[in-house]
Amino acid sequence: MFGGLTSFTEFKATDWGERMLNTVISQTIRHLFSQSDSIDVHVRCHPSSKLLQGSIDGFKMNGRGLVIRKEFAVEEMYIETDAVVIDFSSVMIGKLSLKQPTQSIATVVLSETGINDSFQAELVKKRLVNLELPSLIALSGGNPVSFTELKVELLPENHLHILAHADLSSGGLIPLDFTVNVVIEKRRRISFQNPLIHVDELPAAQREISQALSIALVKILDNMVDLDRFDLDGVKMRLNRLETQDKQLIFSGYAEIEHIPRTSQS
């Protein structure tokens, strides 16, 4: 009887500990985002008694309606970790602390609407407006050039159709219209390749400059998305695959987590 009571007590303790850990992980992850519609966490631990020593088989997280840095919308994010060793005493005070690094697989889903909204983010706009690159001011007569009204349409087979305008200051607005293929480079960069530029519908006087400005914009976009520039404390992210699917852009890869990020992305 005593043995049965002890087992029941351990079961209740670990069951309570698992619920607490689910809550703490959910709250910790939620605080990394400016906004979240839902974040669901499931801890895997067998036998459950390992939890009392801070050892778990891993956890799964599925988040929807996430916003990073108040401006970047993520439709859905899925994370599944390898085995994790935590400081269980930190869980008791509502915090999550890793005793050793762990790895996780991750899937991130962006919507076409979210991608287009991101072009209004200050972090993105500052790399598109009032540019004084030599290749650009040579086309504008020495004036800064801005790329405005960017709109992306997701196409099958990892292609994007991009519309924009180039503002040449005194030279007026030049329409831009091109299609590119997006690929992963070195597991950390999103590269814009093989541009197909559409100028047939433009007046003859604008075709040559529209083509040159489109190529310039492709180069700017090609250097814009590099994971090494996103300083998420304690986390190193790498990409394995991307694909366009209906009106979504889906990334899959992995993350090496040295410690839980200390700073919010809000």
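One-based numbering along the sequence shown. FYI, side chains are in, hydrogens and waters are out, and symmetry mates aren't considered; it's all heavy atoms of this structure. Remember, it's a predicted structure, so these values are computed and weren't measured experimentally.
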*So, does Glu112 use its side chain to make a donor-acceptor pair with the main chain of Leu154 at under 3.5 Å?*
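Checked: pair present.
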_Any donor-acceptor N/O pair, Ser210 side chain to Arg207 backbone, under 3.5 Å_ =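 Pair absent, no side-chain N/O of Ser210 close to backbone of Arg207.
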*So which of Val129, Leu136, Leu221, Asp167 actually passes side-chain contact (heavy atoms from CB on, under 4.5 Å) with Phe147?*
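So, applying the side-chain contact (heavy atoms from CB on, under 4.5 Å) to Phe147 and each of Val129, Leu136, Leu221, Asp167, only Leu136 qualifies.
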_Same apolar cluster: Val218 and Ile209, side chain cutoff 4.5 Å_ =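 The answer is yes; both residues are in one hydrophobic cluster.
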*State, to 0.1 Å, how close Ile220 and Arg127 come at their nearest heavy-atom pair, and which atoms those are.*
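Reported closest heavy-atom pair: CG2-O, 3.7 Å.
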_Heavy-atom closest contact (Arg188 atom, Ile184 atom, distance)_ =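 Result for this residue pair: N-CG2, 4.4 Å.
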*Between the side chains of Asn62 and His42, does any donor sit under 3.5 Å from an acceptor?*
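No donor-acceptor contact under 3.5 Å links the two side chains.
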*Under 6.0 Å from the CD atom of Glu157, do we count more than 12 heavy atoms belonging to anything else shown?*
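Incorrect, the count does not exceed 12.
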*Check the pair Leu66 / Ile39 against side-chain contact (heavy atoms from CB on, under 4.5 Å), numbers first and verdict last.*
CA-CA 9 Å; Leu66 309 174; Ile39 292 179; 4.2 Å; yes
*Is the backbone N or O of Thr113 less than 3.5 Å from a side-chain atom of Asn116, with the two atoms forming a donor-acceptor pair by type?*
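Judged by distance alone, no pair lies under 3.5 Å.
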_Before you tell me yes or no, could you show the steps for Ile250 and Leu242 under side-chain contact (heavy atoms from CB on, under 4.5 Å), namely the whole-Å CA-CA distance, both residues' side-chain angles and the distance that decides it to 0.1 Å?_
CA-CA 5 Å; Ile250 303 171; Leu242 70 80; over 6 Å; no
*Judged by modelled atom types alone, do Thr179 and His198 share a side-chain donor-acceptor pair under 3.5 Å?*
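The answer is yes; a qualifying pair exists.
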_Just so I know, are the side chains of Arg64 and Glu75 near enough to count as touching, which here means a heavy-atom distance under 4.5 Å?_
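No; the side chains remain at least 4.5 Å from each other.
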*Ignoring hydrogens and angles, tell me if any N or O in the side chain of Ser90 forms a donor-acceptor pair with the backbone of Ile86 under 3.5 Å.*
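Checking the backbone N and O of Ile86 against the side chain of Ser90, no donor-acceptor pair under 3.5 Å is found.
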*asked:* For the CD atom on Glu208, are there more than 12 heavy atoms of other groups (residues, nucleotides or ligands in this structure) within a distance under 6.0 Å?
replied: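 No.
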*Student check: side-chain heavy atoms of Leu163 and Phe178 closer than 4.5 Å*: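 No; the side chains remain at least 4.5 Å from each other.
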*Return yes when atom NZ of Lys219 has more than 12 non-hydrogen atoms of other residues, nucleotides or ligands closer than 6.0 Å, and no otherwise.*
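Counting neighbours around NZ of Lys219, 12 or fewer heavy atoms of other residues, nucleotides or ligands fall under 6.0 Å, so no.
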_Within the 4.5 Å heavy-atom criterion, are Asp57 and Lys50 side-chain neighbours or not?_
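Yes; the side chains approach each other to less than 4.5 Å.
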*asked:* Using every non-hydrogen atom in the two residues, find where Ala121 and Glu71 come nearest and quote the distance to one decimal.
replied: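 Nearest pair, atom of Ala121 first, then Glu71: CA-OE2, 3.4 Å.
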*Going by atom types alone, do Gln53 and Ser55 pair a side-chain donor with an acceptor below 3.5 Å?*
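There is no such pair between these side chains.
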*Hey, is the main chain of Ala164 close enough, under 3.5 Å, to the side chain of Asp177 for a donor-acceptor pair?*
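Here the side-chain-to-backbone pair does not exist.
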_Heavy-atom pair with the smallest gap, counting every atom of Ala73 and Gly114_ =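 Here Ala73 and Gly114 meet closest at CB-CA, 4.4 Å.
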*Within a strict 4.5 Å, meaning less than it, do heavy atoms of the Val180 and Ile162 side chains meet?*
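A side-chain contact exists here, since the closest heavy-atom pair is under 4.5 Å.
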*asked:* I'd like to know if Lys95 and Asp87 make a salt bridge, using a cut-off of under 4.0 Å between side-chain N and carboxylate O.
replied: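 Between Asp87 and Lys95 there is no salt bridge, as every charged N stays at least 4.0 Å from the carboxylate O atoms.
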*Side-chain heavy atoms under 4.5 angstrom apart, residues restricted to Ile, Leu, Val, Met, Phe, Trp, Tyr: same cluster for Leu217 and Ile137?*
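Unlinked, Leu217 and Ile137 end up in two clusters.
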*Mark yes or no for whether Ser104, through its side chain, and Thr81, through its backbone, hold a donor-acceptor pair below 3.5 Å.*
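Between the backbone of Thr81 and the side chain of Ser104 there is no qualifying donor-acceptor contact (under 3.5 Å).
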*Carefully, step by step, assess Ile68 and Phe33 under the rule side-chain contact (heavy atoms from CB on, under 4.5 Å).*
CA-CA 5 Å; Ile68 301 172; Phe33 301 100; 3.7 Å; yes
*asked:* For a quick check under 3.5 Å, do Gln206 and Gln211 share a side-chain donor-acceptor pair by atom type?
replied: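 There is no such pair between these side chains.
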*Say whether, by atom type as modelled, one donor and one acceptor occur between the side chain of Arg241 and the main chain of Phe251 under 3.5 angstrom.*
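No; zero donor-acceptor contacts below 3.5 Å.
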*Validation row: Asn181, Leu196 side chains within 4.5 angstrom (heavy atoms)*: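 Asn181 does not reach Leu196 side chain to side chain.
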_Steps toward side-chain contact (heavy atoms from CB on, under 4.5 Å) verdict (Ile56, Leu21)_ = CA-CA 10 Å; Ile56 60 177; Leu21 184 56; 4.0 Å; yes
*Measure from the side-chain N and O atoms of Ser252 to the backbone N and O of Thr107, and report whether any donor-acceptor pair falls under 3.5 Å.*
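Side chain of Ser252 to backbone of Thr107, a donor-acceptor pair under 3.5 Å: no, none is there.
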*Side-chain donor-acceptor pair present, Arg30, Ser36, cut-off under 3.5 Å*: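 Yes - a donor-acceptor pair under 3.5 Å links their side chains.
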*Consider only side-chain N and O atoms of Glu76 and Tyr78, and report whether a donor and an acceptor are under 3.5 Å apart.*
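Per modelled atom types, Glu76 and Tyr78 side chains form no pair under 3.5 Å.
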_Single-linkage hydrophobic cluster Leu202~Ile197, side-chain heavy atoms < 4.5 angstrom_ =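 Leu202 and Ile197: one cluster.
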*Decide yes or no for Asn158 and Glu243: does some side-chain heavy atom of the first lie under 4.5 Å from some side-chain heavy atom of the second?*
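A side-chain contact under 4.5 Å exists here.
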*asked:* Quick check against the 3.5 Å criterion: does Thr244 have a side-chain atom that pairs as donor or acceptor with the backbone of Leu249?
replied: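 No; zero donor-acceptor contacts below 3.5 Å.
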*asked:* Which heavy atom of Phe59 sits nearest to which heavy atom of Arg44, and what is that distance?
replied: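 Between these two residues, the closest heavy atoms are N-NH2, 4.0 Å.
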*If you look at every heavy atom in Leu160 and Leu155, which pair is closest and at what distance?*
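Heavy-atom minimum between the residues: C-CD1, 4.3 Å.
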